[in-house]
Amino acid sequence: MNGPMGGPNGMMKGPRGMGGADKLSAPRRKAVLFRLGKYLGQVKIPLIFVGVLVVIGNLLSLVGPALTEPAINAIQIGNVDFDTVFYYAKLMMLCYVLSSLFSLLQSFLMITLSKKITFNIRRDLFERLSKLPVKFFDTHQSGEIISTMSYDVDTVNASLSADLIQICTAAITVTGSFIMMLTISRLLVLVFVITIPISIWFSRWRAKKGRPLFRERSGKLGELNGFAEESIGGAKTIKAYNREAQFVDRFEVKNEAAASAYYRSDRHACLGGPSVNFINNVSLALISLFGALLYLYSPEMMTLGAISSFVLYSRKFSGPINEITNIYSEIQSAIAAGERVFKLMDEPTELEDAPNAVAEPITRGLVEFENVRFGYTEDKTIIHNLNLKVEPGSLIAIVGPTGAGKTTIVNLLMRFYDVNEGCIKIDGIDIRDRKRAVLRKAFTMVLQDTWLFNGSVYENIAYGSEGVTEEQVVEAAKAAKMDGFIRRLPEGYNTMMTDNGTNISKGQKQLLTIARAMLPESVILILDEATSNVDTQTEAKISEAMRKLMEDKRG
């Protein structure tokens, strides 16, 4: 592989590649909410039904306080109309029971809808990842990508399943309570002229201060996940060089940064509830005071039942404002997470094939480099004016020091990257004028870094070859000198490979990749230091298997 100068591994992987702590501007917030709205639009029919349930459930809950007024007014000193009290009490009970049932049903439906929306977001995100160029994965930590697909999508899901309903409920409750309070006493409503502007100002101040904190939290978590994934993947190397203490120290720094970001955002969020509760309690005290004065001044203008109803509506009116303040931090976190998700989803994909791209398969394997110049970055050119011609049936070796660009040539041939100048031709046609699928199907590669996925030995060998039979897989394993070893495994070809084949040796993994390479009907074989990290005996087996593999290849 290329070293620190010659290839993509030498390019800096930015820890903030998937998002940083910069301020999320209003247009970007609107863009995130608009795109989340598009996903909600995919389930608009059941969402409308949920909305109907929300409206009915909340209207029923708003009827309850109105029924307390006649019930309390039926209670007089020395004279209680029990029939009237019990009648209105039963109506209140019925309204609250029905309201609870509607709320329960809407919660179940919303959980189901949020699950579908989350599924769609993850599906679109993974489909986008499959279309991104290799350059993206060379410059972004896999831990950050995984953090976006898991943590950030889950954050958005939590907001959709809970916060969305709470906001709708709050809007209906606040509006309905305000209307009902106006019908009871417009004078007492004037109390909110003082308290509500204070609550709104405080909420806006918290939102302004909280947005960058929650974006920083998401970014720091992505950095921590990226570092942890990198450390776990290189655990053997870390131990071999006795660098555990240094990595623990570096993890402490990342962990402290993430924990501090969480602390700052959560500390800011915790200010909301108590502060708004205090404002609401002040308004409740003022309502009780002025209501009592109105009752003493004119019982006809304000009854005890009316005061009771007004107090209940005032609590319903101020309660949702408190709830919105409490969940606002979660909404900000969800918006920040959604911005990271959509930023990843908007990463540019590989360039489309040319409109008139050649779709015919490559049959000969004549490779030509003509005045090729290339560099992974503008200021560092790796390949200078390379001219090379490889005839079909030829066997050539490219040698050079680490960083000279050996693997870069492979990357250019496969069009993982495109040349800066010059052209590469196969069978006389510029590879940029061929369809990528056709081009890459012409190659079989055995790399220094083996890759096995979680699946059976059979599935790993058959990977990349459509319609192969069991006999063909066994023949490939025999040619790669692996059949005997595979049959000694607990379940033979059905033995599961886990964690990139950690349950077998490096040499055995390499032989499995060679067996995999023997199945595709390609015309060009690329071997990238395929025996550099195995023992002599295994290297001899691999060399013999590769000679067998090259017998049927033309280039």
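Residues take their numbers from the sequence shown, with the count starting at 1.
Taking a cutoff of 4.0 Å between a charged side-chain nitrogen and a carboxylate oxygen, Arg122 and Asp154 qualify as a salt bridge.
Applying the side-chain hydrogen bond (donor to acceptor under 3.5 Å, both in side chains) definition to pairs two or more places apart or across chains, those involving residues 348-360 are Glu350-Arg440. Note on residues 419-429: pairs passing salt bridge (Lys or Arg N to Asp or Glu O under 4.0 Å), not counting sequence neighbours, are Glu370-Lys425, Arg373-Glu421.
With no hydrogens or angles considered, no side-chain donor-acceptor pair links Thr408 and Tyr417 at under 3.5 Å. Side chains of Glu491 and Thr495: a donor-acceptor N/O pair is absent below 3.5 angstrom, by distance only.
Here the side chain of Ser159 pairs no donor or acceptor atom with the backbone of Val156 at under 3.5 angstrom. Panel note: side chain Ser130, backbone Glu127; a donor-acceptor pair is recorded below 3.5 Å. Within the 3.5 Å criterion, the main-chain N or O of Ile362 finds no donor-acceptor partner in the side chain of Arg434.
A distance of 4.5 Å separates CD1 of Ile431 from CD1 of Ile424, quoted to the nearest 0.5 Å. Note that the CZ atom of Phe136 and the CD1 atom of Ile145 stand 4.5 Å from one another [nearest 0.5 Å].
Annotation: side chain of His140 is not in contact with side chain of Leu344 (no heavy-atom distance under 4.5 Å). Two residues are said to be in side-chain contact when any heavy atoms from C-beta on lie closer than 4.5 Å; Phe369 and Val419 fail this criterion. The closest side-chain heavy-atom distance from Asn157 to Lys115 is not below 4.5 Å. Proximity of Leu366 to Glu391: side-chain heavy atoms (C-beta onward) are separated by under 4.5 Å at one or more points.
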Practice problem: Would you please test Asp483 and Arg487 for salt bridge (Lys or Arg N to Asp or Glu O under 4.0 Å) and show each step? | Solution: CA-CA 6 Å; Asp483 181 64; Arg487 294 188 184 279; 3.1 Å; yes
